[in-house]
Amino acid sequence: MDRMLLCKDISFGYGSELLLKGINLTIPRGDFVGIIGPNGSGKSTLLKLITGVLIPQNGEICLNNQLISKISIKAMARQMAVVPQSTETIYNFSAYEVVAMGRYPHQGRWNKEGITDREIIQKVMEQTGTWQFRERGIQELSGGERQRVVIARALAQEPELILLDEPTSNLDINYQIEIFDLLQELNSQGVTIVAVLHDLNLASQYCEHLAMLHQGKIYQYGTPDEVITVQNIQKVYNTAVVISYKYSGRPYVSLLSQRRLPELRGDLPKIHLICGGGSGQEIISWLLEEGYHISGGVLNQGDSDWQVLVQNNRPVVEERPFSAISDATYAELLQMMDRSDQIIVADLPFGQGNLPNLEAALEMCLRGKTVYLIEKTRIEDRDFTHGRAVEIYRQLTAAGAEVATNFDELTNFLRDGGSKDNETAFRKRFSSGI
Amino acid sequence: MNKGDFRIWLLVLIITVLIIGIIAVTVGPAGIALPDLWKVITGAEDANNLFAVILFRIRLPRIILSFLVGSALATGGVLMQGLIRNPMADPYIVGTSAGAGLGATIAMILNLNLNFLGLSTVPLFAFIGALVTVFMVYKVSQHNGRIPVVHFLLAGMAVGFLLSALTSLLMVLGVKDYYKVVYWMMGSMAQGSWSEVKIIWPYLLIGLSTAIYLAKDLNLILLGEETAHNLGVNVERTKRISLITTALLTASAVSVSGVIGFVGLIIPHIVRLLIGPDHRKLVISASIFGGGFLMLSDTIARIAAAPLEIPVGVITALFGGPFFLYQLRTSRKI
């Protein structure tokens, strides 16, 4: 294996307290590695040891199979570039001047920028989309622009390895994606990338391997699938999360709300909810408060109704964001509906993408399950399928689905067809003012 | 500022400084008209001998000295501000002014009559005091073989306060005519002669060359010490060399002219506002600008209230301050 970077049994601390204890890490050439872990786990310290800013008390660090203590600072800068967390500067150099500084390790002391230097500077500035504001002062740029200038400077070093310390922590989400896409592109060109990351989902989505640090040690090293697990995150971050896999095939972490819900009541019917775009918010909260077993879907990941159900650890049939319901997901939906007793269709618009939800409801209705339709807005006004949804709706009502024109009517239906104990549920609802 | 603009700027600067120099030579209690000046320079037969003496023994060394001192202070200022990454840094921050002040006071109290390398007692003691202080500050702030900039600043200030207090104590206890010390501390070129010029120019030459040699590294250090390290700069070595260079520059300046404030702080600033922060251009520009500025200030100090001399430090502050404020208001580049 072609080793780009090797950390062998390194320890570091101030005084007697060790921040890092016996770190072993081998990073092959061409890898994209994320270093994750909670605050104070030693992520940034590890990065500073690799760059030689700090010197380990124990152990060895090798870059290209050479001890970094034996490499001159300038030679090291030709092999390894660093993108720091903060990119504030006091003095106002132009973007071009800042990128040109990346050529320092390749130049002699008295050399001016040569033709090669200028070509490389232009190339990396175009690659990072910074060429158009090359004349502008670094202080006049936005955070995202400045970060791209700093990445361009790192690229101007023509390094084999780029280290990044939370490169996008101060940036808006659109810049985050932009910068990580750029890193991925560089990685595909053969540059090894090691990034300290705070955002587990960014780490999971872009990195080939992850090193999860915990209390100064590597808690787990492996692929995102191996590292980003509910158990690991529970142990290391002491936080309950749910992980879904559909988005880009990598683990996607969502936080669970710490709010305590009432016990699930076995005497209530199991309900499956078809909703989306916030149309289910009111009814989901009510059902949760009442202690119903509920499930939802099909919902796109990231949808506000999806969020509420996932946060409350309720089963959801899910689909990738902005995607239509696939056949496999449809089959999954039928299975889940089969396990519930009643089906509620919220007051949501129907398009080609979510029409299978309505079709599934019809199928269940025909099989004899109770279906409630909430219709605050007429179905004709919510139909974006050239009449298909209206048609299925008519079939549903013909097959015996109940129509509720407002929320109270629905709860009445549920109460009548639901628990024997519905009086208390009814009173509780009004006393709590929902 | 691109390369072409910079050359023009440098040329204009040099010509302006030369013109100021010529004006400075002609003005004074004994006015020398330009034709007389020409005769003296060319050694014409009807040249006035008195003029020649005034010119070569008194005015010329003083004017050249003021240029060299201003240049040394401005260069020291550029180095310190670059190194500390703080535009409020001043070359005296390394402790030179306080050390030199104490040295000078001791010399005046002891009233010795030494002579070493052409330096008389007061400049000699001032020079030694300055260097010893810098060495102390350097040692105090050293930590694990490194010089953290904040330590250095604080150590410089603390040692400075300590030595100033000692100076005051000595003045009260020991010096009969302590106005001499006070006057020395305000800075003056009045004692300027060729021997002072001889003292300072080698230091300026070495200091300036070193600063130019380090220009690229200093540019990178402006981005932060860690970033500079990651870009391949040997930060600790650069700091060490810059500190020693600044110490020598300011010690030599202070020993021949006393403590002249403002030049080291403001000139690098003004020049940075004019041409940007790139040290490859900044060092040379600031050294010429600083020299010209002090030359002009000293000329004004000489003639404004003649035959009385105003301390040159007063002049530098009086007309550098407003200019700097104007610059600050009209330009956003610091």
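These numbers come from a predicted model, not from an experiment. Sequence lines set the chain letters: A, B, ... in the order given, protein chains first and strands last, and positions in each chain run from 1.
Counting non-hydrogen atoms of neighbouring residues, nucleotides and ligands closer than 6.0 angstrom, the CH2 atom of B/W201 reaches no more than 12 such neighbours. In this structure, A/F133 places its CZ atom where more than 12 heavy-atom neighbours from other residues, nucleotides or ligands lie under 6.0 Å away. Heavy-atom contacts from other residues, nucleotides or ligands closer than 6.0 Å to NZ of A/K8 number 12 or fewer. Annotation: A/E17, atom CD; neighbour count of heavy atoms from other residues, nucleotides and ligands within 6.0 Å does not exceed 12.
Between B/N219 and A/Y104, the side chains place no donor N or O within less than 3.5 Å of an acceptor N or O (distance only, hydrogens not considered).
The stretch residues 48-69 of chain A places A/K48, A/T51, A/G52, A/V53, A/I55 near chain B, each with some heavy atom under 4.5 Å from a heavy atom of that chain.
To the nearest 0.5 Å, the span separating CD1 on A/I73 from CG on B/N230 amounts to 10.0 Å. Note that the CG atom of A/N92 and the CG atom of B/L273 stand 11.0 Å from one another [nearest 0.5 Å].
Between B/L223 and A/R153 there is a side-chain heavy-atom pair separated by less than 4.5 Å.
A/M76 touches chain B through its side chain: at least one heavy atom from C-beta onward sits under 4.5 Å away, while N, CA, C and O do not. Heavy-atom distances place both the backbone and the side chain of B/Q81 under 4.5 Å from chain A.
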Checklist entry - Checking side chain to side chain contact (heavy atoms under 4.5 Å, CB included) for the pair A/Q107/B/K216: CA distance, chi angles, key distance, verdict? => result CA-CA 10 Å; A/Q107 292 167 340; B/K216 267 190 184 181; 3.0 Å; yes
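The minimum heavy-atom distance linking A/P105 with B/L231 is given by the pair CD-O, 3.3 Å.
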